Amino acid sequence: MPREYSNYINGEWVSSDSDETFEVVNPADTDEVVAYFQSSTKRDTESAIEAAVAAQDEWADTPGPERGAVLKQVGNALAARKEEATETLVKEEGKTRSEASGEVQRAIDIFHYYAGKASDLGGVVKSASGRNKNLSTKREPLGTVALITPWNYPIAIPAWKLAPALASGNTLVHKPASAAPNVSQILFECFEEAGLPAGVANFVTGSGSEVGAPLSDHDDIDAVSFTGSTAVGTAVAQSAADDLKRVQCEMGGKNPTIVMPSADIGEATDIVGVGAFGTTGQSCTACSRAVVHEDVYDEFVDSITDYANSLDVGAGLEDPDMGPHVSRSELDETLEYVDVGRKGGATLAAGGSELSGGEYDDGHYVEPTVLTDVTSDMRIAQEEIFGPVLSVLKVGSFEEAVEVANDVRYGLSASIVTQDISEANTFIDDIEAGVAKVNEKTTGLELHVPFGGYKDSSTNTYREQGDAGIDFFTSTKTVYVNY
Ligand code: NAD
């Protein structure tokens, strides 16, 4: 019998006052209910906010090194449960075992990283413009913050919001995505085990309308950190801005990799292939467009087609090359885009169909897909496709490649494969993306540097991760002292 999980409010595991739950289903085997979670109401959300507000002063006054010690314990507690968290993540979201294990490790590392940061918070001292004066800044927590996260990195993204929020002395309410709340739940069990005081971090599951929206527009919430689609993020940003809350939304992408004639085509294929088909294409930074110079276009198309056809697709627990889509609706959307692409004039070079027969009949499986002869005006070259679908576009020059790469509303991650140092540096200067990579896949991030998008990929207010994570969750007070 699958377990029923509770909300975590004011240090207690509590049921929703709706008396209703929703189920989380294994995308590799839809007959398997992984767990039940609370269908929370607006009232539950408000209770969580009240608890977080009540715990605020005490947590803000707790010395940074003490807060850091708790975060370190959280990282240790998660490390002790790494195998369990990995399997849970595979079962609820569908990632392969290797991908899930890497993600859980990332969450552990993030807690350890911000444990150090909590001991090291500070401001700056500047020269005052007169004698017997001191001029300095100090950082203070914002207060009570709302953290709203998507399903596709269900432990790493919560970790990269929760850890800096707590390190800098905020209290919080976290709402995970309903498709994959199970590993966030594990994080909150680790908070409890690590001795995080009651009310400091609260966990409420449920819908966007009953939990997400009331969080983003509640008067007692001082800041909202959201990751998800551009459509929902835009609404969240507008609602948060109504009463001048600090807000940060990291959203969709349509990430390109440019392949130039100097590239080794084997290397370019690996870079594009892992970027496009890793995590079943369900990364905000996934490579969705290969923008390929005409001199190497045919060779690249042959090579990436072979790559896509060679991938072993299966249940994540068996650690294949690619797992299933998270849900039927995501799979349907991917198939719909393949159809839109073909009707729009693209050529289907690999994949394009739902997989069926044997274990495939149990889950949401799709073939890794390559569409060629794509032009920049096509919908499949413009809209985010959150699945393993790569569009290949042909260009005649480096300048055209950058123009095509920039010709979308999104600007999250972008890469180029080239041996030409001038192309590499011009690309870094001219690409409209928050992450620019040379000879590397568009996916994959380091935890100690800023992450965020340009254009409609982000509210472009603050970055996440590294020091930027602390910047978002703190205010700067400027101090003038005369003596
Ligand atoms: P989504 O926008 O549907 O949902 C994100 C979260 O918002 C969920 O917890 C959801 O329940 C909640 N929500 C829904 N309606 C709400 C409302 N009215 N008010 C407040 N919250 C609400 O996104 P998703 O399907 O979970 O995730 C996929 C999307 O996330 C993709 O577009 C992907 O590119 C994006 N993403 C971006 C990044 C990034 O860092 N830029 C990272 C991962 C995913």
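Since the model is a prediction, treat every value here as computed from it, not as a measurement. One-based numbering, in listed order, for ligands and for the atoms of each.
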Check: [X]/[Y] side-chain N/O donor and acceptor closer than 3.5 Å:
| X | Y | answer |
| --- | --- | --- |
| T149 | H174 | yes |
| S283 | Y153 | yes |
| N255 | S288 | no |
| E354 | Y365 | no |
| E192 | W13 | yes |
| S40 | N7 | yes |
| H364 | T30 | no |
| T144 | D222 | no |
| Q105 | K82 | yes |

May I ask you to identify the nearest protein heavy atom to [atom], giving residue, atom name and distance to one decimal place in Å?
| atom | value |
| --- | --- |
| atom 19 (N) of ligand 1 | A213 N, 3.4 Å |
| atom 28 (C) of ligand 1 | F386 CE2, 3.7 Å |
| atom 25 (O) of ligand 1 | W151 NE1, 3.0 Å |

- Query: Are D44 and K42 within salt-bridge range, i.e. N to O under 4.0 Å?
  - Reply: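 No.
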Considering only heavy atoms, which of [options] lies nearest to [atom]?
| atom | options | answer |
| --- | --- | --- |
| atom 11 (O) of ligand 1 | K175, M251, Q465, H174 | K175 |
| atom 42 (C) of ligand 1 | P181, P150, C284, S239 | C284 |
| atom 23 (O) of ligand 1 | S283, S229, G434 | S229 |
| atom 44 (C) of ligand 1 | V211, V236, V326, N152 | N152 |

Quick one: which ligand 1 atoms are inside 4.0 Å of a heavy atom on [X]?
| X | value |
| --- | --- |
| F451 | 40 (O) |
| E384 | 31 (C), 32 (O), 33 (C), 34 (O) |
| G212 | 19 (N), 20 (C), 21 (N) |
| A177 | 9 (O) |
| P176 | 9 (O) |
| T149 | 6 (C), 8 (C), 9 (O) |

- Classify the contact between I157 and ligand 1 as side chain, backbone, both or neither, using a heavy-atom distance cut-off of under 4.0 Å.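 I157 to ligand 1: side-chain contact only, backbone stays beyond 4.0 Å.
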### Message
Below a 4.0 angstrom heavy-atom separation, can you tell me which part of T227, side chain or backbone, both or neither, approaches ligand 1?
### Response
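For T227, backbone and side-chain atoms both sit under 4.0 Å from ligand 1.
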How close do Y454 and N460 get, counting heavy atoms only, and between which atoms?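 Heavy atoms only, the tightest pair is CA-ND2, 3.5 Å.
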query: At a 4.0 Å cut-off, with the gap strictly under it, does some heavy atom of S178 reach an atom of ligand 1?
result: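 Checking ligand 1 against S178, which is what was asked, there is no heavy-atom contact under 4.0 Å.
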Take atom 2 (O) of ligand 1 and look for protein heavy atoms under 4.0 Å from it; say yes if you find one, no if not.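 Yes, there is a protein heavy atom closer to it than 4.0 Å.
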